[in-house]
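Below: one structure, written as structure tokens.
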Protein chains: 2
Amino acid sequence: MPNNQFKRGELYSFITGKASTAIARRLQKNFKEANVEITIEQWSVLYHLWKQDGLSQQQLCDATFRDKPSITRLVDNLEKLKLVKRVASKDDRRMNMIYLTNEAQVLQEQTMGLASQTLNEALEGVTIEQIEMAKMVLQKVYDNLANPL
Amino acid sequence: MPNNQFKRGELYSFITGKASTAIARRLQKNFKEANVEITIEQWSVLYHLWKQDGLSQQQLCDATFRDKPSITRLVDNLEKLKLVKRVASKDDRRMNMIYLTNEAQVLQEQTMGLASQTLNEALEGVTIEQIEMAKMVLQKVYDNLANPL
DNA sequence: TTTATATAGTTGTCTAAACAACTATATGCC
DNA sequence: GGCATATAGTTGTTTAGACAACTATATAAA
């Protein structure tokens, strides 16, 4: 019997992740007010490409904790928006390398500022130590449950 | 300038809530293995009805942090599964009161055990103090961003 | 070298979230 | 009573997540 046997009633807030959905909603709202017409899911993919351009779809799966069909469709939509391009790899013809367009590069500066601002709104009144602790707990939960995608 | 100005790169884990989706996936998997054929979203609605039967859809919205269309469709699906029934309120004919069926009552004992077990899997190696701290941070984030639905 | 197996990506189906627009009932005010 | 407004719920559309089934290419074993 683990020492942290939980009262059943405490389940809810952990399961629903209402804090993360609240952040997501606020970020989406801030994008909209700045006339940035992408979803936060699309943004989260671009985010990794801004760090390193030319990732494969599989690398995007690993980076964003999504499965392959999800990334296929996110890349589909980003391609429709002309924000990325699929380029077949010459080394391994199974792979698509995903490259940012110029339009996507322009988005980076603008949205990074909005994201930073959103996070500061979210974390007002929370200390760095508390944030680190919370992140550590969430990471531990993730690691406990991680199963191969 | 808040004292917790965040490195931009730290955004990701907060925004995606991968820990909460990991818990959701594991709970769904545990349901499936026990032949419980409902989604965790449906379960989260039933959870509140087990605490108090006969809530209105609006009360379910408040309890589950969902908007009205989401609850309409979750109740639609729960009704198709014959787990709840909509009963028009006599006091206020705009309202549907949602009541559990006998079938849903049977699910409670079984799924509560699975949920408790899942949470213990998730929180292995995390102390109660750490859990409390993490919950406090997530609650604070939620409160910082809470806006009327 | 051919055959099995693993990996990268796609497609189909179902469920759900977000948002806008809508209907119907209730309430408050003149 | 009649009109404005608020509240409860529904419907349509788009995007996305989960899962299974699929194609195509690459790798390893026989």
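In what follows, chains carry the letters A, B, and so on, assigned in the order in which the sequence lines appear, proteins first and then strands, with residues in each chain numbered from 1. Hydrogens, waters and symmetry mates are skipped; everything else that's a heavy atom, side chains included, is used.
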Phosphate contact (C/dG9 OP1 or OP2) by A/Q57 side-chain N/O below 4.0 Å: no

Separation of atom NZ in B/K68 from atom P in D/dG12, rounded to whole Å: 18 Å

Nucleotides 16-23 of chain D: protein proximity per nucleotide (B base, S sugar-phosphate only, - neither; heavy atom, under 4.0 Å): SSBBB---

Greater than 12 external heavy atoms within 6.0 Å of B/Q52's CD: no

Nearest-nucleotide 5' precedence on DNA chain C, A/M95 against A/D76: A/M95

Nearest-Å distance for atom pair CD1/P, residues A/I38 and C/dC19: 15 Å

Sidechain-backbone polar pair: A/T21 side chain, A/K18 backbone, donor-acceptor under 3.5 Å: yes

Pairing residues for A/D143 by the side chain to side chain donor-acceptor pair (under 3.5 Å) criterion, not counting sequence neighbours: A/Q139

Protein-nucleotide distance (A/Q59, atom CD; C/dT7, atom C1'), rounded to Å: 13 Å

Close side-chain approach of B/R66 to B/E41, heavy-atom, < 4.5 Å: yes

Charged tip of B/K85 within 45° of B/Y99 ring normal and under 6.0 Å: no

Value in whole Å for how far the P atom of C/dT25 lies from CD of B/Q58: 18 Å

Full working for salt bridge (Lys or Arg N to Asp or Glu O under 4.0 Å) between A/R73 and A/D67: CA-CA 10 Å; A/R73 276 142 182 159; A/D67 67 359; over 6 Å; no

Length of the line joining A/L46:CG and D/dT15:P, which is rounded to integer Å: 15 Å

Selection from D/dG9, C/dA26, C/dA8 that lies nearest to any side-chain heavy atom of A/R94: C/dA8

Side-chain hydrophobic cluster, 4.5 Å single linkage: members besides A/V106: none

Separation of C/dC19 P from A/E33 CD (nearest whole Å): 11 Å

A/R86, nearest nucleotide to its side chain (from D/dT25, D/dA6, C/dT10): C/dT10

Nucleotide D/dT25, atom C1' - distance to CE of A/M97 in whole Å: 15 Å

Between C1' of C/dA24 and CG of B/D91, the distance in whole Å: 17 Å

Base of C/dT25 paired with side chain of B/R93 (donor-acceptor, under 3.5 Å): no

